[in-house]
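These figures come from a predicted structure and were not determined experimentally.
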Amino acid sequence: MTEETKTRLLKVVLRVWGVGSILIFGTIFTGYAIQTPSFRPGAELHWLVWDDLPGHVALMLSGIYLVWAVYTLVAARRPAAYSSFLDFTMWVNIVHGLIMIPGAFEQSYHSKFLTDIPWILLLSAAIYFLRPRVSGTDSAAVPPAGAGRSQAAR
């Protein structure tokens with residue numbers, strides 16, 4: 001597969017994940033913001049969340065993933081320019097997904113093997129296999145720290 005093809009596929013994956021995450025976490029954020037009883041244990045939408053999170057915690061976590069989704073859409077425009085963001089996204093979601101696996105067994109959240117866990121691990125795998133490879137010549141395009149500032153500003 002050519003680098004151009006991989007980049008095109010990565011852009012699609014990032015856009016799908018970004019839009020999907022906005023829909024998912026937007027729903028969760030809204031549900032917690034209006035304090036819907038549907039997310040409480042035993043309720044019909046509880047499978048969307050891990051637990052009955054107290055106070056600001058659910059809003060905070062869903063807010064973080066909403067911002068992450070927006071930045072993923074931004075990175076989809078030019079993945080090579082956002083390689084650090086994509087590397088961070090890949091690794092943090094690998095760690096997150098691996099931590100979730102035993103939790104899904106311990107807490108009887110088996111539905112997470114069809115929702116959260118593949119959602120983040122498939123993104124990580126796609127980034128790993130499709131991300132642009134940075135070569136030594138690419139680093140020459142990045143100005144050194146402080147470049148463009150006057151001597152007085154240094």
What's the spacing between [X] [atom1] and [Y] [atom2] if we round to 0.5 Å?
X: Ile101; Y: Ile117; atom1: CD1; atom2: CD1; result: 5.5 Å
X: Arg131; Y: Met90; atom1: CZ; atom2: CE; result: 4.0 Å
X: Leu130; Y: Arg8; atom1: CG; atom2: CZ; result: 11.5 Å
X: Ile28; Y: Leu59; atom1: CD1; atom2: CG; result: 11.0 Å

Is there a continuous path of hydrophobic side-chain contacts, each under 4.5 Å between heavy atoms, that joins [X] to [Y]?
X: Phe85; Y: Ile64; result: yes
X: Val13; Y: Val92; result: yes
X: Phe29; Y: Met60; result: yes
X: Leu121; Y: Leu9; result: yes
X: Val12; Y: Tyr128; result: no

### Message
Parallel, tilted or perpendicular: which one describes the rings of Tyr65 and His96, with boundaries at 30° and 60°?
### Response
tilted

### Query
Got more than 12 heavy atoms from elsewhere within 6.0 Å of CZ, Phe113?
yes

### Message
More than 12 heavy atoms of other residues, nucleotides or ligands under 6.0 Å from CD of Glu4: yes or no?
### Response
no

[X] (side chain) donor-acceptor with [Y] (main chain) under 3.5 angstrom:
X: Trp17; Y: Trp119; result: yes
X: Thr36; Y: Gly31; result: no
X: Asn93; Y: Thr89; result: yes
X: Thr30; Y: Thr27; result: no

Heavy-atom side-chain contact between [X] and [Y] under 4.5 Å:
X: Val19; Y: Leu73; answer: yes
X: Pro79; Y: Lys11; answer: yes
X: Leu86; Y: Leu10; answer: yes

### Task
Please lay out, stage by stage, how Trp91 and Ser124 fare under the test side chain to side chain donor-acceptor pair (under 3.5 Å).
CA-CA 7 Å; Trp91 284 109; Ser124 295; over 6 Å; no

Heavy-atom closest contact ([X] atom, [Y] atom, distance):
X: Lys6; Y: Met1; result: CG-SD, 3.3 Å
X: Ala43; Y: Ser38; result: CB-O, 3.1 Å
X: Ala76; Y: Leu14; result: CB-CB, 3.7 Å
X: Ala69; Y: Ser21; result: CB-CB, 3.6 Å
X: Arg15; Y: Arg77; result: NH2-CA, 4.2 Å

### Query
Hey, which of Trp68, Tyr71, Tyr82 is the one that makes ring pair (Phe, Tyr, Trp, His ring centres under 6.0 Å) with Phe88?
Trp68

